[in-house]
Amino acid sequence: MSRVRVHNFSVSLDGFAAGEGQGPDAPFGHAGTRLVDWFMQTRAFNEMHGQAGGSSGVDDALAWTWGPGIGAEIMGRNKFGPQRGPWTDEEWKGWWGNNPPFHTPVFVLTHHPRPSLEMEGGTVFHFVDASPQEALRQAREAAGGLDVRIGGGPTTVRQFLAEDLVDHLHIAVVPIVLGRGERLWDGLEGLEQRFRMESVTTPGGTTHMTFTRP
């Protein structure tokens with residue numbers, strides 16, 4: 001069976017994976033880009049967005065593992081956009097422009113389904129009101145035997161971890177303190193017992209932790 005993977009998921013030292021006050025101009029709220037600066041500086045990030053350059057090293061090597069073998073993604077509505085409740089603006093097509101970096105079917109979890117949205121480059125957003133198990137069933141069917149990536153945000157990743165549906169988890173612990181926002185680890189006591197764990201810390205201070213199901 002295909003694996004369920006989480007990659008490049010940044011968490012602050014105090015456990016927050018998103019800041020407070022998210023909006024159209026602030027995808028990570030008051031955190032700004034501090035949670036993802038390590039990623040945005042890599043060659044992998046630049047290539048995802050059709051640009052050249054970027055750093056190499058451990059950050060880059062781990063960032064590259066995001067894409068190979070992935071056939072579909074599941075994300076929460078908050079990752080897709082800043083709106084809450086019923087859709088008031090279906091012109092919003094995500095943060096990523098006309099050619100998002102996913103290039104696969106993407107299942108957006110929402111209590112307010114809307115028609116699917118086909119983008120350039122093979123990305124198709126499907127808006128589904130489903131449990132983690134049902135969303136995973138749909139994503140696996142669409143993935144055609146490839147792996148399924150859980151893209152975030154923290155609530156979605158936490159839900160899939162709570163249901164023991166994740167096979168591989170890559171967390172980047174960033175050396176910042178946010179103080180407020182949305183936490184990842186709440187309610188997941190003993191999570192480490194399910195996985196084989198490894199970690200490496202880069203010269204910039206980011207600690208990459210991988211949790212892999214034995």
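Atoms considered below: every heavy atom in the structure, side chains included; atoms not considered: hydrogens, waters and symmetry mates.
Here OG1 of Thr206 is found 12.5 Å from CZ of Phe39. Values are rounded to the nearest 0.5 Å. Atom CD1 in Ile74 sits 6.5 Å away from atom CG in Leu109 (nearest 0.5 Å). Atom CD in Glu118 sits 11.5 Å away from atom CZ in Phe125 (nearest 0.5 Å). Thr155 OG1 to Glu182 CD: the interatomic distance, rounded to the nearest 0.5 Å, is 3.5 Å. To the nearest 0.5 Å, atoms OG1 (Thr110) and CZ (Phe127) are separated by 8.0 Å. Rounding to the nearest 0.5 angstrom, the gap separating the CZ atom in Arg158 from the CD atom in Glu163 is 12.5 Å.
Linking ILVMFWY residues whenever their side-chain heavy atoms come closer than 4.5 Å, directly or via other members, places Met119 and Trp95 in the same cluster. With hydrophobic clusters built from ILVMFWY side chains whose heavy atoms lie under 4.5 angstrom apart, Phe80 shares a cluster with Met48. In the hydrophobic cluster analysis, where Ile, Leu, Val, Met, Phe, Trp and Tyr join through side-chain heavy atoms closer than 4.5 angstrom, Val58 is grouped apart from Trp38. Linking Ile, Leu, Val, Met, Phe, Trp and Tyr whenever their side-chain heavy atoms come within less than 4.5 Å puts Met75 and Leu117 in one cluster. Using a 4.5 Å cut-off between side-chain heavy atoms of Ile, Leu, Val, Met, Phe, Trp and Tyr, with links allowed through other members, Leu169 and Leu13 fall into the same hydrophobic cluster.
Between the Ser12 side chain and the Phe16 main chain, a donor and an acceptor come within less than 3.5 Å of each other. Remark: side-chain polar atoms of Gln22 are paired, donor with acceptor, to backbone N or O of Pro27 under 3.5 angstrom. Under a 3.5 Å cut-off, the side chain of Thr42 and the backbone N or O of Asp60 do not form any donor-acceptor pair. Looking only at distances, a side-chain donor or acceptor of Arg77 sits under 3.5 Å from a matching main-chain atom of Gly85. With hydrogens and angles disregarded, a donor-acceptor distance shorter than 3.5 Å links the side chain of Thr123 to the backbone of His103. At distances below 3.5 Å, at least one donor-acceptor pair connects side-chain atoms of Arg84 with backbone N or O atoms of Pro82.
With salt bridges taken as basic N to acidic carboxylate O contacts below 4.0 Å, one links Asp164 and Arg213. Checked for salt-bridge contact, Lys79 and Glu73 meet the test: a charged N lies under 4.0 Å from a carboxylate O. At a threshold of 4.0 Å, the pair Arg137-Glu141 counts as salt-bridged, since one of the basic side-chain nitrogens sits closer than that to a carboxylate oxygen.
Here Asp186 pairs with Arg183 under the side-chain hydrogen bond (donor to acceptor under 3.5 Å, both in side chains) rule; sequence neighbours left out.
Put simply, the side chain of Gln159 reaches to within 4.5 Å of the side chain of Pro132, judged on heavy atoms. Contact of the Ser55 side chain with the Arg43 side chain is not registered, since no non-hydrogen atoms from C-beta on lie closer than 4.5 Å. Leu191 has its side chain within reach of Leu161: a pair of non-hydrogen atoms, C-beta onward, lies under 4.5 Å apart. At least one side-chain heavy atom of Glu192 sits less than 4.5 Å from a side-chain heavy atom of Met197. The closest side-chain heavy-atom distance from Thr33 to Phe28 is not below 4.5 Å. In this structure, Val4 and Arg140 have side chains that are in contact, with non-hydrogen atoms separated by less than 4.5 Å. For the pair Arg34/Leu178, a side-chain contact is recorded, criterion being any heavy-atom separation below 4.5 Å from C-beta on. Annotation: side chain of Asn8 is in contact with side chain of His170 (closest heavy-atom distance under 4.5 Å).
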- Would you please test Gln83 and Trp92 for side-chain contact (heavy atoms from CB on, under 4.5 Å) and show each step? CA-CA 9 Å; Gln83 296 184 54; Trp92 177 266; 3.6 Å; yes
- Message: Run the side-chain contact (heavy atoms from CB on, under 4.5 Å) test on Gln138 and Val128 for me, step by step, so that the C-alpha distance in whole Å, both residues' side-chain angles and the decisive distance to 0.1 Å come before the verdict.
- Response: CA-CA 10 Å; Gln138 293 183 36; Val128 297; 3.6 Å; yes
- Message: Pair Thr202, His208 - check side-chain contact (heavy atoms from CB on, under 4.5 Å), show working.
- Response: CA-CA 8 Å; Thr202 69; His208 294 278; 3.7 Å; yes
- Task: Begin with the C-alpha distance, continue with both residues' side-chain angles, and end with the deciding distance and a verdict on side-chain contact (heavy atoms from CB on, under 4.5 Å) for Val200 and Thr207.
- Result: CA-CA 6 Å; Val200 59; Thr207 297; over 6 Å; no
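At least one test fails for Arg5 against the ring of Trp66: distance under 6.0 Å to the centre or angle within 45° of the axis.
Across all non-hydrogen atoms, the minimal contact from Asp14 to Gly179 is OD2-N, 2.7 Å. Across Ser2 and Asp167, no two heavy atoms sit closer than the pair O-OD2, 4.3 Å. Considering all non-hydrogen atoms of both residues, Ala139 and Phe107 come closest at CA-CE1, 3.5 Å. Summarising the geometry of Leu146 relative to Gly71, their closest heavy-atom pair is CB-N, 3.5 Å, with the distance given to 0.1 Å. Considering every non-hydrogen atom in both Gly15 and Trp185, the closest pair reads CA-CD1, 4.4 Å. The minimum heavy-atom distance linking Glu134 with Ala130 is given by the pair CG-CB, 3.8 Å.
When only modelled atom types and interatomic distance are considered, Arg196 and Thr212 share no side-chain donor-acceptor pair under 3.5 Å. Donor-acceptor pairing under 3.5 Å is lacking for the side chains of Glu47 and Gln51.
Aromatic ring pairs are classed by plane angle as parallel below 30°, tilted from 30° to 60° and perpendicular above 60°; the pair His7 and His168 is tilted.
For CD of Gln133, the number of neighbouring non-hydrogen atoms (other residues, nucleotides, ligands) closer than 6.0 Å is greater than 12.
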